[in-house]
Each structure stands twice: as structure tokens, then as C-alpha cells.
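Residue numbers run from 1 in the order of the sequence given.
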Amino acid sequence: MGEAEGARQLSHTLAIHAASPFKHLSFSSSFQHSAITSWIKENICKRFCFHSSPKSKPDVCKCGYPKTDHVNEAIKSEDFTGESWNRHRHVREVPTDAFGDITFGSLGQKPGKYARVSTNTSPDILYQLLTEQWKLSPPNLLISVTGGAKDFYLKARLKNMFRRGLIKVAQTTGAWIITGGTHVGVMKHVGQAVRDNVLSCSSTQGRVVAIGVATWGIIHNRDSLVYSEGCFPAQYVMDVKGQGRLSNLDNNHTHFLLVDDGTHGHYGVEIELRSRLEKCISEKHLGNRESGATIPVVCVVLDGGPGTLNTMYNTILNGTPCVVLEGSGRVADLIADVAELPLSQITIALIHQLMKKFFSQAYDNFTDLEIITWTKMIQDIIRRPHLLTVFRVSEECHWDVDVAILQALLKASRTNKSQGTEYWKSQLELAIAWNRVDIAETEIFTEDSQWESSELHWAMFSALVGNKPEFVRLLLENGVSLREFLQDEQTLRELYTRLPNCIFLSKLAKRVQSSRKQLLKTRGQSHLGQEKIITMSHVSDEVRHLLGSFTKPLYPSSTMTYPFKMTIEDISLSVISEGSLRATIVEERDPGKDLFLWAVVQSNKELAEIAWEQCRDCTSAALAASKILKKMAEDIKDTDKAEEMKELANHYEKHAIGVFSECYNSDQERAQKLLVRASPLWGRTTCLRLALEANDKSFVAQSGVQNLLTQIWCGGLSVDNPVWRVMTCMVFFPLIYTKFLVFRRDEVIQREAEKSEEIKRVATVTGSTEPASQWRLTPLGMWSRLVCLYSSPQVKFYWNIVFYFAFLLLFAVVLMMDFQATPSAWEVLLYIWLFSLVCEEVRQLFHDPDGFGFRKKATMYIQDLWNILDVLSILLFIIGLAFRLISTLFYAGKIVLCIDFVVFCLRLMAIFTISRTLGPKIIIVKRMMMDMFFFLFLLSIWVVAYGVAKQGILINNDSRLDWIFRGAVYEPYLTIFGNFPTNIDITFDINSCSMSGTDPLKPKCPVLDDNQNPVFPEWLTITLLCVYLLFANILLLNLLIAIFNFTFEEVQDNTDRIWKFQRYELIKEYHSRPAAPPPFIILSHIYLLISKMISSLVRAKNFTLPQAEDEELLSWESLMKDRYLLTTQQEQSQSMEQRILDTAQKVSTISDQLERDEETGSTPLEKRLARLENQFSIQSPSCSFYSLVFIPAALITKDETPDTPEEEDGLHVNARQFFYPNTKLTRFPVPDEKVPWEVYQISKMKSPAVHAKVNPGGRTGIRGKGALSRLGPNLNVDLVLTRCRSNERSALEFLAIWDENQGTMVLPGVRPAVFEGYVDDCRNTDNAWVENTVLNIHLDGINQVMVDINNMVASSSGPLQWQEVSSKTRLSPSQIDSLQQVAELHNRKF
């Protein structure tokens, strides 16, 4: 035994090393394996036989294992005559020795999990193994697949539909699939479906979980799975040919539970544990703990024999729905054939015929008793149609197997007794958990279900948190009001608390932690509790950080923190200010905006798209989303997520462009108001500001935005004025009082006049009288025209250009003609002029009309290239001026000023940025300068390499650094431009160099020999020069040209867009710039300084519209948004890609139809004829009688009408259940046709004695008194004590008592009582039955009896309860019937 175990461990060790791609496991995986091993050894056991009892073969024990596989103590001698072998006594449990990972040798297949478990293992332990140790997510649905355990044939269409539907329902709902786990029959088909899914799906999609629950004793090659410390992994070899009576594990299942009862070769051992596991899983909560629903279970049946029918029967008795696939064979086809027949037609004879048809040769092996048992079981199955669903391939149905499975689950709870809000709620909860919006559309949101918005709030919250956008859209379409849903701020706060893991949540957590620390410093430990959760003030602060400090808070602060040193007056003022701000923000809340912001911060495109469609201020919302996403993309470290955020930001920029384009095409004036109006929903900022902060160049480049910028650029002047007219009026300003220059006010007056004339013309034609407009614009006065001219940014720009050229001219004159030791008047004027420029730069730095703050403003100032040149030129001028005033550094100062002049000239390029022709070219020059820097790096490598080599070969030990630099860097650089060196060959002039290298004006001569000839190899220096010129002059220079060409082509398409975006900054600069140009601008600066000293400047406010006009503008924008979305949908539907998809779908539908027609042929007609034949054969006696004795209906009188057969409902059902309650007894099967005593009795079932009392309801399948107290009738009284609850629609309530024995609520009972009727009770027998009397005492109004009973109920603390009379009450079936009779007595809906 020890040698065998050692050999087995050695083989598993070798298998582990062969399967592992690495020599050593990582520390984390080793630790994980160790933890799993420890847990499994503590909780999971196996079973083994310790009593070797000889079977028919002397070397084999009755447990099925050879004697050599038993422990030494279990092996007995040949003449041992002890006690007989018993499974329950001679099989023990020990820690399992087979668990870990399992691989089947397939390439690319992930290893599965397996464990050998005992039959007595608790299902809770197994569920913990699956979810906690094997890290499976709890299922939203459990699919139990049962059927034929032998290979059977499935038609190609049915096989494809089964596999496709099973995988689809598993993927969409997050279901677990449980099968027998072996590589035969229906389990093999399930495994192949899982394999096809793995091969066709990407790694990002969810992995289908297929759990095989198999018997350990029938697994072939199971020894390879045994290892005391677990196999990670175990190599399992499938050997179909050599398996014999055993079975191989299916290589496509993902997890295996191998059930061990200590025996070998016995099938069906796993059935009981599998049933208990499925029941345990069905009792777990669905989704989160807050949900009241449990995990639904459905059974799918294919083919099958007697075991499958037993499984299906027990499943339906337990209330689990079953889906039967017609056409799969045997039991499945038998059930499908009788599913639509009435119970009266399902007879023993019919079952005989169908079994002979579907089981062919195997039919002869069935006994009459087995057929009777099958008939009874099939009748009980058909009697519960809400639990049975037949999937028929031949029918003209447009749904697949997945829809059939989900519809079966919904139909299972759809009974006449459960119609109501709670029923629809449970249905919707399942659909949301499965994420099947198609099921919800067709089965739940129908005309029969009426929903209030408040009734769907929980569903909306679940769909949002569960990231199910299709359900969110469906709920919005079916009555959910976002305003009511988000009316309570607690709901929105809970949504932010339930955010998925994202960068916004981490930032929010840091902000909450920071606020807690601050609160700890100010208030102490006692106030920390209220700051542990996320508040909307935290969200508002973080969103404001993403949008920019120029925005106002989007949500009010939930709490106020006051410093200890604040006075009472300060606190009261703060409270008043905070309260007014809070009231303003609450009034301006938009639920669409709230939901859109919540979706955007988690980068959820689908949910954000739905919420954006519900936003009121949609353009601002799209631009704000673009800004937030781009800001988060800058902060995140994951490059893939950053790219996704940028793509989503561009997506919403396109939305903003689309809506604004629709607005601008419809009404230009309104569209421009949208750009400049302050949005109260988004921090009181404007669309234009959001687009600029988000760097949305495409939005700013639109014609509508550019026209607005052009109007701002022209100021009060018309945009149609030619430039030469404007410049002429700048010098000869009296021309503005003529019509030489057009003002915008004049254009508006002219348009109003034309509109008024048009109205009058229409009124004249139609005869109507239109009231004249009371408000008219007046023309500009003389002073106003002058102010409009010189305050126009366009005019300011032209004056600055003129004076900047004058400044450069003065600077050049001073440098070249008038730079004396003592500054002249022109030089002093130059200094004053520069001082005015410095003042203007300081004003630009501190001027902050948008409220960015000094830090943000300084950052923006430094990031501008032209500002950098301004600062550099000023600094160089100050340095040059300082040197110039020092006599010893006078000339150095002039050099610095000359260099500064170059910088001032470069600054002149900024003038051309306003030009539509030259502006984009400047952008291209900037990009080419960046490319040139990288080129110079490559060029410097070749220059230095060639220069140092040349200098080292020609010159020996030159110590002069200046001449070394000239020879190693300067001369090689000049060589590129054609200045070839003269000292690399023997023809050089020796007089042009210094032999000793002491002449500072000449380079050192090359190394010479005694004859004064150079000793360097001429061929080498020339070769180096040729190679250098080849690479530097030809390769690198052409590379630079190619780079410039690529840059030009790349940037050319975007330069116009970039120029339009950067044009705003220039317009903004000159819009806020004083009218006077330098150096006269210093007067304006003095005026601004005096104004600042006298009174604080008022910050410029955004353009705010009146409330009525703002609402009208937003309504118009919403209309344009709907038009844009409709246009987008039409373009998408008419696109080539969509047409191809539609065509492919149509072709697929047609091919499926043709395939179905080819397979079915005339099958439906044949089935209908077969059913008619069956019915005719069953009713042939009566048919022949009526054919012989035909009497016209008109001749039959009322008294002569034949009696109709007894209704099916008249037969007792509960009294014929197979398993007698609270015992291990089983009843004899009694089909419906054998229930009446008048019918000929069943051969093996004797009739009761003549003197015995017989059940008036008919046969029950068991004799005696059973669990009842006596033979004959057992009288029972149900006392129903009712009252009317007036506070809620006068609901009828009854008094229920808690029964500790049954563990449920029951009705008060009194015995004995008056006989009233027979009850179909599960305890009834042939000789004993229950007869019930229902008494109702209704307490109407308030009296002393009612008071006493209420006091008794209150003092009982639970055992006594008033409950509403309803079908949802948890009582026994007979007592439910009693309640229904009471409800009918009071005319109440049950």
C-alpha cells in the first residue's frame, strides 16, 4: 500500500512539473494553493470502505473496489464469516485526497477545478467552496441540465439552437450550468457548447461556468486525480475506448464535484447531493443582500429515460420549472406530445402507445406497473402547466432556447392567485438580474401591468448601479420620472457611494478623508461620524476641481464648518449666504444633469448617453463632460483608460457640435445667446468658456462660434467693413459721422425697419391690424460712435501694430546711430516706451476677469509662447540697460540689447496670428521648430564624430580650446554648407598655420616629417570627409526635408482648426486691453491704478438671461437636440455598415427558415394526424355507438341529454402523491382514470373490505388510517376570524396563529365540528380522510371583543398576527381554500 501511494505521488509530481510553464511557482500562487489545501482538508471529506466483504469474485469487495485498495485492517481471511457488508456502517469519512486544478491537455484551455466530496457533505460547504475558494461569482440563475446519459442523436438545427441558447442565457444572466459532468449524452452536448463559446468569444467576455456533479466511483482514470496535498494541476487523460462500463470526465466543463459514497461502479450516487446543492443555491439571495428574491432554478430536459422522468417529476413537485426540448428523443418527446392534451385524455393506453413509439425496442422491458407509474407521474407533471415549457423547433416561433428558459421561469410564478404589483416586481427583479431587456419588454411591460413612477424607482436604482443601460432606457420609456427618482438627495448620494472602482471614486475618497482630518482638528473626535460618508458637497468640490475654479459649486454644502474665532454676526451672515446659495442651487437642479454627471465621472458611455438625452442644457452638459473626461485622463496612469476617456470626450464634443450646428442653422441669434449665456446648471459658466477650457478646438472652429468671435473682434463696428476703411477712419475719424463706416447698431436698425415694412405689407394684403412695436433702437450719437470706433479690439490691434513698428524703428535707430555713453532723448523715449510695455505685461498677468486665481492665471500666462518671448525680451533689455550704465560693461550692454532686438523682432510674428492666411503658417513653423531640434541632435552626433576624428588625425596635442572647438565642431558644421577644409590633403599651404601653435590667429599645423611633408594618411582623411558628407549632407538633410514635409501634411489639415481656436486668445487680449497703444497706454494704467485705489473693481459678470427667456431658449435647444438625434439615427441606419448588417440578418433568417422547412417537412401534419388517430382509438367505443345510433340534436329533449363526464377538478390530487407525508412510505400509483371506485381496480391493488369505510373521493394508493387519528372521516374546523382595516382601502384581515410544529402560520382550529365537505388532503387514505368545516366570525366596528383580541395580539409578540386575506398568505393548501371561501363571502378579491 505504501509503495503504491509513493508511486502515485511521484507520478503526480512529474505531471505537475510537466504541466507548469515555469520551474517555480510564484509566491502568491503558492500561498493561494496552500490556503485552499488547508481549507479543503478541514471541510471536505471522502468516503472509503474499511470492511472487505467478498463479492461474487473473491478479490473484489462488495463496495466494488479490489481488496488491495483497502487498508490493511480491512483485509479479512478467506474463511471470515462475520457480519454482512453494509454501506452505512462499513464506510467511513476521512479528509479528501483528490482536489486542485485539472487539465485535459488541450492547447489554450484554462485549467478547471475539481474536488472529491462525500455524499454527506453539507451543500453550504460546497457553495462556500465554489464561491469563496474557487472565486466564482454568485449566480443570477441556476440551469440544471438533465437527460440521456448515453450518446443520442440531435438534429443539426436543434443541436445548434440548444447550444447557442444555453450559452446565451448563461452569459447574459451570469448563470451556472450544472450537469452530470461526464463525456456522454447531454453532458457532452453541454460541454461542446461551452467549448464553442470559448473558441468564438474574446477574453474580455465572461467565462461560462459549467459545473459537473459526477459520481467518483464511475470515473475512468481517476487515479491521476489523487494526491494528498492537491494537484495544481492534475493531468487527466480521456480514454473513451478503454473506459468500459466507466465514464470519462468531460474536458469542456470548468468545475467538477466528484461525489463519493465509498463504492465503485455504481451510477446515480450524485443525484441526492446534487439535488440538495441545487436547493441550497435556490435559497440564496439574488444579487445583493437587500434583495428579497432568491436565485431562480430551471431544469432543462433532453432525451432521457426512467431516471430523467423521476428527476423531472421531483423537480416539478418542488416548484422548479422545466423546459423540455421536443425532438431530442424518448422522455422529452413523450412529455412534449401530451403537454397540450387535457388530463382526461392522458390515459394508460395512450402512454402505452407513446412509449412504444419513442422507446422502440426498449419498450418491451417495461412492466405494466412501471407504465402505470409513468402515467401517474406524467399526469402530475401536466397538471402543473405553469411549471412546464415545451420548446418546439417545428413551430413558427421567433425565439430561441434562451428565451424559452427565461420565459419558463417567469411563467412559473405567473398564476392567477399571484397577479399584482408584487408579482410584476419579482418578475422585473429577475429580468434585471439577468440583464434581459427583451424579456422585460415582451413579458413584463405589457398592457396588463400598470406601473407608477414610484413603483419603479428601485428598479431604476438597481439598473444604474448594475450598469444595465438598456434597462435604464426601458424604464424611462415606461414611466419612470427622473425628477421624482432623484428628488431626494439621498438617492443621488447613494449612487455616488455605489460608484464602481474608478479614478473619480478614489479622488472622492481622498477628499472625504481630508475633510475628516480637518473636522478632527476643528471639532474633535465626537463629530467624525457625520463625515464618514460621501456628501454632495464632496462631489461638488471634486467636480469643481475637474471643471475649473472659475465655476460655482454644482451642489450645496451639506454641513457648515465655522472657525472658533468667528463672531456670532459672522456666523449668521455665513448661514444666510449659504442658505441663499443652497436654495438657488436646489431650484436649479436638473435630474438629467445629475444622472449625466454621475455617469460621466465613471466614464460609462452607455449610461451617459441615455442621461444626456434627458438633460435640459445639453450643449453645456456635453462640453462640461468633455472637460471633465480630459482632466481625468491627465490624472490617470493607465494609458488604455486614458485613451478611452479621451475618445469619450471627443464623442461629447461631437454631440455639442451637432446640437449647436442645428441651433445655428435654425436661428443664428439664439445660437449665439447659447454660447454666451451663463448656465446655472453648470457652475454659472458659458458654453464658450467650457469649450475653451476643455480645448475643444473643433467646437470653437465652427462657423457659428467664429462669427461670434468676429463680432467681438469688430466691437461696435460691422463685420462687413473693409480693413482699409477702418484704418482710414482711425486717422480721419470725422468720416465715422458719414456712411463711410457702418456700425452694428445701424445694421440692427435697418433689419428692424425691413421687418416692420414686411409686417405692414402682409397686413395690407390680409387686412389684419398688427400692433406696432413699442420698443425701438435709436441710432448712435457722435460720442458713442467715437467710443465704438476706438474701443473696438480690431482698432486697438491696428494701433498696436503701428506703434510696435515705431518702437522697433526707434530701437534700431538707437542701436545703430545714437548709442552714446550718456543716454540721448531718443534713448530715454525708448526706455519710457519699454516701461509702458512692462506695465501692460503686469496688467495682463494680474487681470483675472474669469476668476481663475493667480496661480492658474500665472500658469496660463507662462504657457503662451508669445508671453515667454515678452518676458525674455524685457529681461534681456533690463540686463542690457544695467550693463550699459556701467562704463566697463558698456559694450557688453550694447551686445545684449542687440540680441534683445532680435527677440523683439521675433515677437512681431504674433501680429500675423490674426491673419487667416499667415496665422496657420505660424503654427506650422512652430511644429517644424520642434522637429528641427530632434534633427540637430542627430546632426550633432555626426558633426562631433567627424570633427574629433579629423582633429585627432591632423593636429597633435593642441592645447588651445578655441581652436580645438573650431576644428572639431565649427569647421565640420561649415563643411555641410560647402566650406570644405584645405588641410586634409598634401596640397595645403604651410604658411596658413603655425608650427608650434603659438600664433593666436592661426591654427596649428598638421604633423610633419623631416621634409616638412604631412605624415597623416591622405586616403583616410578624404574617405572620412566623403562618408561624413554622404550622411550629413545627403541623408540627414533629406531626412529633415522629409520630416518637414510630413509635418506640413499632417498639420495642414488641422492648422485652420488650431488657428481658429488660438484666435480667441488674441481677441480676448485686445478686448480687455486699454484703447491707447504704448507708450500712451501708461495713461490708462494710471487711470486703472487710481480706480483700484478708490474703489475695488467689479468683476465682469457672465451674460445672464431673464428666467422666462432662458426657459424658452432651453426648450428650443431641446427641440434642436431631438432633431439632431433623429438625424444621427437616420444617418446611422442608412450607412453602409448598417445596411450590410441588416442584409446579413435577413439572409440568416431566410436560411434558418429554409433549414427548418427541410428538416421538418410534413412533420407537423403527421403529428396532427397521429394525435387524431390516438384520440379516435381511445374513444372508439363511443364513436362506434354514435355512428350506429345517430340522433339529430333537435330531437333530443332536455331530459334526454346524456350526462357529461366528471370534471378533472373533481378528482383529488394531493391524496394521491407518491410520498406519504412525514414517512418513507410511497403510495401505489393511481392514474386519474383509476380513481373512482366504480372503475375496474388495478390488478395489484385490492379493494377495501365491504364493511370498511371507503374514501368518497376515490382511490388514494394506500390503505389504513395513515397519519390521521381514526378511520373514516376526520372532522376539522377552520375558524376564520376577520376584520376590516379601514386605514388602507378597507382591507380584509384574518387572525393567524404561529404553529411551532409546522413552522408556519395556521388558522385557529376547533375539534370536533359539524361536517361540511371533503378535503383533498395529502394525509388521506382509502379508509381515512379529512372533512372540513369553515366558520367565519367577522368583527365589524369597534367593540369590547375587538379590543380584547387586539390586546391579546399585541401581548403575544408574534404568535398571533393580523394578516391580510390574500393568496400570498403562507398557509396549507386546504386553509388557503378556506380563506378563499371567506373572501368570496365578503365579496373581496382574493
Side-chain angles (χ1 to χ4, degrees), residues 550 619-620 622-623 626-627 653 656-679 685-723 726 742-745 747-748 788-801 844 847 849-850 852 860 864 866 910-923 1054-1073 1075 1100-1103 1105:
F550 61 91
T619 307
S620 298
L623 294 172
S626 177
K627 167 63 177 172
E653 183 183 0
I657 293 172
V659 174
F660 183 77
S661 298
E662 290 287 342
C663 294
Y664 188 76
N665 294 333
S666 177
D667 192 332
Q668 296 184 7
E669 185 177 355
R670 282 184 173 183
Q672 291 180 355
K673 285 183 180 179
L674 276 177
L675 285 177
V676 297
R677 62 173 283 275
S679 174
T685 186
T686 64
C687 291
L688 186 58
R689 169 52 58 191
L690 287 172
L692 293 167
E693 291 299 318
N695 200 23
D696 291 336
K697 296 183 177 64
S698 298
F699 182 84
V700 178
Q702 291 183 99
S703 58
V705 181
Q706 291 300 310
N707 289 340
L708 175 64
L709 294 180
T710 303
Q711 291 182 9
I712 297 174
W713 174 250
C714 294
L717 304 179
S718 173
V719 297
D720 298 328
N721 289 318
V723 175
V726 176
V742 182
F743 288 82
R744 193 187 305 172
R745 177 74 66 87
E747 291 181 334
V748 175
C788 287
L789 174 64
Y790 289 105
S791 63
S792 172
Q794 182 183 15
V795 175
K796 296 177 187 178
F797 178 74
Y798 294 152
W799 278 124
N800 276 272
I801 290 178
Q844 292 181 17
H847 183 61
D850 298 317
F852 290 113
M860 295 171 60
D864 190 356
W866 307 121
I911 296 174
F912 304 112
T913 55
I914 197 63
S915 173
R916 189 181 189 89
T917 305
L918 297 178
K921 301 302 183 289
I922 296 176
I923 298 173
N1054 298 323
T1055 49
D1056 184 67
R1057 182 170 57 92
I1058 298 172
W1059 169 76
K1060 289 178 179 178
F1061 182 80
Q1062 295 181 350
R1063 177 172 173 247
Y1064 168 81
E1065 293 298 331
L1066 184 67
I1067 295 174
K1068 176 187 173 183
E1069 176 185 348
Y1070 282 94
H1071 183 268
S1072 61
R1073 197 180 184 115
K1101 296 183 179 179
N1102 290 325
F1103 176 60
L1105 293 174

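- Within the 4.5 Å cutoff, the side chain of Gln706 has heavy atoms near those of the Val700 side chain.
- Considering all non-hydrogen atoms of both residues, Arg744 and Gln711 come closest at NH2-O, 2.6 Å.
- Using a 4.5 Å heavy-atom threshold, the side chains of Ile712 and Tyr1064 count as separate.
- Side-chain contact between Asn721 and Cys714: absent, with no pair of heavy atoms (C-beta onward) separated by less than 4.5 Å.
- You'll find the side chain of Leu692 stays beyond 4.5 Å of the side chain of Lys1068, heavy atoms only.
- Rounded to the nearest 0.5 Å, atoms CD (Gln702) and NZ (Lys1060) are 9.5 Å apart.
- The distance from the CG atom of Leu708 to the OG atom of Ser703 is 11.5 Å, given to the nearest 0.5 Å.
- Remark: the backbone N or O of Ser698 is not paired with any side-chain donor or acceptor of Asp696 at under 3.5 angstrom.
- In this structure, CG on Leu690 lies 9.0 Å from CZ on Phe699, to the nearest 0.5 angstrom.
- Looking only at side-chain heavy atoms (C-beta outward), Arg1073 and Asn800 come within less than 4.5 Å of each other.
- Summarising the geometry, atom CG belonging to Leu674 is positioned 7.5 Å from atom OG belonging to Ser620; distances are rounded to the nearest 0.5 Å.
- Residues passing the ring-ring contact (aromatic ring centres under 6.0 Å, His included) test with Trp713, sequence neighbours excluded: Phe797.
- With hydrogens and angles disregarded, no donor-acceptor distance shorter than 3.5 Å links the side chain of Gln844 to the backbone of Glu1069.
- For the pair Lys697 and Phe1061, the cation-pi criterion (under 6.0 Å, within 45° of the ring axis) is fulfilled.
- Not a single ring-ring contact (aromatic ring centres under 6.0 Å, His included) links Tyr664 to another residue, sequence neighbours left out.
- Between the CD atom in Glu669 and the SG atom in Cys663 there is a gap of 13.5 Å [rounded to 0.5 Å].
- When only modelled atom types and interatomic distance are considered, Arg1063 and Thr710 share a side-chain donor-acceptor pair under 3.5 Å.
- Looking at Glu653, its side chain never comes within 3.5 Å of a backbone N or O of Leu623 through a donor-acceptor pair.
- Rounding to the nearest 0.5 Å places CG of Leu675 at 15.0 Å from CZ of Arg670.
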